[in-house]
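What follows is a set of notes on a single structure, which appears directly below.
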Amino acid sequence: MAITVRRLMDAQVLQGAKVVAGQEGLNHLVESVNMMDAPDIVEWIRPHQMLVTTLYNVKDNPDVLQRLIPELADRGCSAIGIKSRYLQIPSLMYNQANDLSLPLIELPHDMPLGVLSHEITRTLLTRDFLIDRSTKDDDNLWDIVMADNGMDRIVTYLSREWKAPVALYGQDHQCLTKSLFGMTPSVFDALVAKAYSILRLHRLDVQACTVHGHTVERVPLVDRQCYYGELMIIDRIQPVGKALGIGIRAVSAFYLKKYLKRQDWRLYLRNVAESLLANEYGSNRVFNHDSGGSLFIDAFMKAKAYGVILAQVTLVESPQRLGNHWNPQESLEDEVLVHIESRLQTQGWSVVAGIIGRQLVFLVADQSSSHIDSKTPQQRIADELEYIVEDMMNSYSIHIRFSVGNFYSSIRHFAYSYQEARETMGITQDNVTIFRPQNVQNFLQHIPEQERKRFVEAVLGALLILPPLERDPLIKTLQVFLSFQNQVTETAKALFVHRNTVIYRLRKVEELLSKSLDDADDVLTLRLALLFFTNLEIRGETDGEQSCRLVDR
């Protein structure tokens, strides 16, 4: 069974060799090796054979050198390795190797061709060599990432392969783990901090800079258009090569594990959220969970205040985004939800979050017993959401708009806060909009029109049937009297009439309406009737007697 040129380059004997041209042919199969310096070298080449040579016998024959690469490619040669101690390889050969995808390899000067040929042959015969080392590494790392220390093992592997200090950073640019490879932590952290101040943080192409004589590279981990984080490498000795691909797949597997575990917890939290919004919080079946769900809910229900937040997500066109490729349809919303939930929890809020009806819904509990400032829970969480909006835009080019319902002292009122957040969403273009309670007049306008008219007719009807010259002064006096909190003197001053005139008119109103201005219930009834009346117009009609009709303005 043959192996590819690419795999063969991993053999110990070729560690000092370098592919200088024809990289597109690295997947050519190699079945055997031929070592030769004869002028008629091409005639002895068989398909799938690698040639190692010094070209000493033809170094002064430009015609042979000009034909060599095309003829080898025509014969099916897998690759040519040249020990260039005696020959300056012509640039033409580099161009031909690239055009014909024939790997051209510069061999170590200090390695005898005989030893080189023997070791390559032994590698081809024992083929367990590389069965494949990278495949084994893949298998090992796949098992490793399923353990809690998976990230540490990944970075240790990469550090060993690249012979360099390596750190792994997550999607939020926070260090997850690092392998220092002999460098002191203080030096490593100082170099990385300085490099971050030089490099542009949000681009996904490979970047490097020199800091205090050290080369610091930033290598994003991007697989199938999904951004996992990035690596910071200092003074690597070995090429990035296949180790990066193995590292990306391992990190991807680690996130897959987290994703699968999280999906089960997500489903549980969504069920809890739906139950709380429906006031079904007494169902033990819903709140029990293998991962400590009942303990979580017990703590959640001991909070001081509860409210609901809704979020709308808009992705600005950018490849650097949250998400995963195990659930592409909902991955963005899912990852954003987790990111926001985590941020709120680090700030001391308890959160039950879920995607309900394609909306990101956060049921938030304030468990703080005291606060330095005098802000309400609604105001404090609005400040935190403003920070999240800015951070998500800067880090992932994702724009979020929040609406926040009112906070209540009982979980029984989650449904109220949820409705308030829904009503608030979209009424402004602000990043964060908080629910503002309506004033009494706006609230009462929700009463159907006919009901408001009937109420006015029932309470003020005896006044409304009077002629306008008699009716209007009585209604005006009553309105001013109630607005001045039943103060007769102040009412007289406002109307520019004598105090006794006010008293007379008010007694007249009490007689006509059968109400007492000393009775709290009657006063409230009159206030409501007058409030409705101010939004209605009186049209007088004369059909032998005075009458009126109430019409919406």
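Just so you know, these numbers use all the heavy atoms, side chains as well, and skip hydrogens, waters and symmetry mates.
A donor-acceptor contact shorter than 3.5 Å is absent between the side chain of Asp430 and the backbone of Val432. Ser275 contributes a side-chain N or O that, together with a main-chain N or O of Asn271, makes up a donor-acceptor pair within less than 3.5 Å. Looking only at distances, a side-chain donor or acceptor of Ser197 sits under 3.5 Å from a matching main-chain atom of Lys194. Side-chain N or O atoms of Ser342 include none that pairs as donor or acceptor with a backbone N or O of Val338 at under 3.5 Å. A donor-acceptor distance shorter than 3.5 angstrom exists from the side chain of Asn98 to the backbone of Tyr94, with no hydrogens or angles considered. Put simply, the side chain of Ser403 gets close to the backbone of Ala421: a donor and an acceptor are under 3.5 Å apart. A distance-only check finds no donor-acceptor pair linking the side chain of Glu161 to the backbone of Gln238 [under 3.5 Å]. Of the possible donor and acceptor atoms, none in the side chain of Arg270 sits under 3.5 Å from a partner among the backbone N and O of Ile356. The backbone N or O of Ile237 lies less than 3.5 Å from no partner atom in the side chain of Trp162, so there is not a single donor-acceptor pair. At least one donor-acceptor pair closer than 3.5 Å links the side chain of Gln49 to the backbone N or O of Arg46.
Within a 6.0 Å sphere centred on CD of Glu24, heavy atoms belonging to other residues, nucleotides or ligands number 12 at most.
Phe402 pairs with exactly one of Thr433, Asn431, Val389 by the side-chain contact (heavy atoms from CB on, under 4.5 Å) rule, that one being Val389.
In this structure, CZ in Arg75 is found 12.0 Å from CG in Leu51, a value given to the nearest 0.5 Å. Here the straight-line distance linking atom CD of Glu106 with atom CD1 of Ile89 works out to 5.0 Å at 0.5 Å rounding. Separating the CG atom in Leu244 from the CG atom in Leu221 is a distance of 6.5 Å, to the nearest 0.5 Å. Rounding to the nearest 0.5 Å places CD1 of Ile82 at 11.0 Å from CG of Leu113. Note that the CD atom of Glu386 and the CD atom of Glu390 stand 9.0 Å from one another [nearest 0.5 Å]. To the nearest 0.5 angstrom, Ile80 atom CD1 is 6.5 Å from Leu104 atom CG.
Here the side chains of Ile381 and Leu344 are in contact, with some heavy-atom distance below 4.5 Å. For the pair Ile105 and Lys18, the minimum side-chain heavy-atom distance is 4.5 Å or more. Looking at Leu92 and Gln66, their side chains come closer than 4.5 Å, going by heavy atoms from C-beta outward. A 4.5 Å side-chain heavy-atom check between Tyr306 and Leu363 finds every atom pair outside the cut-off. Between Thr215 and Arg236, the closest side-chain pair of non-hydrogen atoms is not below 4.5 Å. Using a 4.5 Å heavy-atom cutoff, the side chains of Leu180 and Pro185 are in contact. Side-chain contact between Leu310 and Val404 is absent, with no heavy-atom pair separated by less than 4.5 Å. In this structure, Met50 and Leu8 have side chains that are in contact, with non-hydrogen atoms separated by less than 4.5 Å.
Taking the six-membered ring for Trp and the full ring otherwise, Tyr169 and Tyr196 have centroids separated by under 6.0 Å.
Listed here is the closest heavy atom pair of Cys175 and Ala167: SG-CB, 4.4 Å. For Ala208 against Glu217, the heavy-atom pair with the smallest separation is CB-CG, 3.7 Å. Shown here for Leu337 and Ala353, the closest heavy-atom pair between the two residues is CD2-CB, 3.9 Å. Of all heavy-atom pairs between Met392 and Val336, the closest is CE-CG2, 4.0 Å. Here the shortest heavy-atom pairing between Gly25 and Val5 reads O-CG2, 4.3 Å. The nearest pair of heavy atoms linking Leu102 to Ala73 is CD2-N, 4.3 Å.
Looking at Asp366 and Arg380, a side-chain N of the basic residue comes within less than 4.0 Å of a carboxylate O on the acidic one, giving a salt bridge. Between Lys163 and Asp235, none of the side-chain N atoms (NZ, or NE/NH1/NH2) sits under 4.0 Å from a carboxylate O, so this pair counts as no salt bridge. Ion pair Arg343/Glu384 flagged as a salt bridge, since at least one NZ, NE, NH1 or NH2 atom sits closer than 4.0 Å to an Asp/Glu carboxylate oxygen.
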request  = Decide yes or no on side chain to side chain contact (heavy atoms under 4.5 Å, CB included) for Ile234 and Met183, but give the supporting numbers first.
outcome  = CA-CA 10 Å; Ile234 300 178; Met183 183 175 286; 3.9 Å; yes
key: Ile45 and Leu72: CA distance, side-chain angles, deciding distance, side chain to side chain contact (heavy atoms under 4.5 Å, CB included) verdict   = CA-CA 7 Å; Ile45 293 297; Leu72 288 175; 3.7 Å; yes
key: Evaluation steps, ring-ring contact (aromatic ring centres under 6.0 Å, His included), between Tyr418 and Phe362   = CA-CA 9 Å; Tyr418 178 57; Phe362 302 87; over 10 Å; no
ask   = Checking side chain to side chain contact (heavy atoms under 4.5 Å, CB included) for the pair Lys178/Asp189: CA distance, chi angles, key distance, verdict?
value = CA-CA 10 Å; Lys178 54 191 172 185; Asp189 293 339; 2.6 Å; yes
request  = Decide side chain to side chain contact (heavy atoms under 4.5 Å, CB included) for Val272 and Leu276; before the verdict, give the C-alpha distance in whole Å, the side-chain angles of both, and the deciding distance to 0.1 Å.
outcome  = CA-CA 6 Å; Val272 170; Leu276 289 171; 3.9 Å; yes
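Counting only N and O atoms by type, the side chains of Thr4 and Asn27 include no donor and acceptor under 3.5 Å apart.
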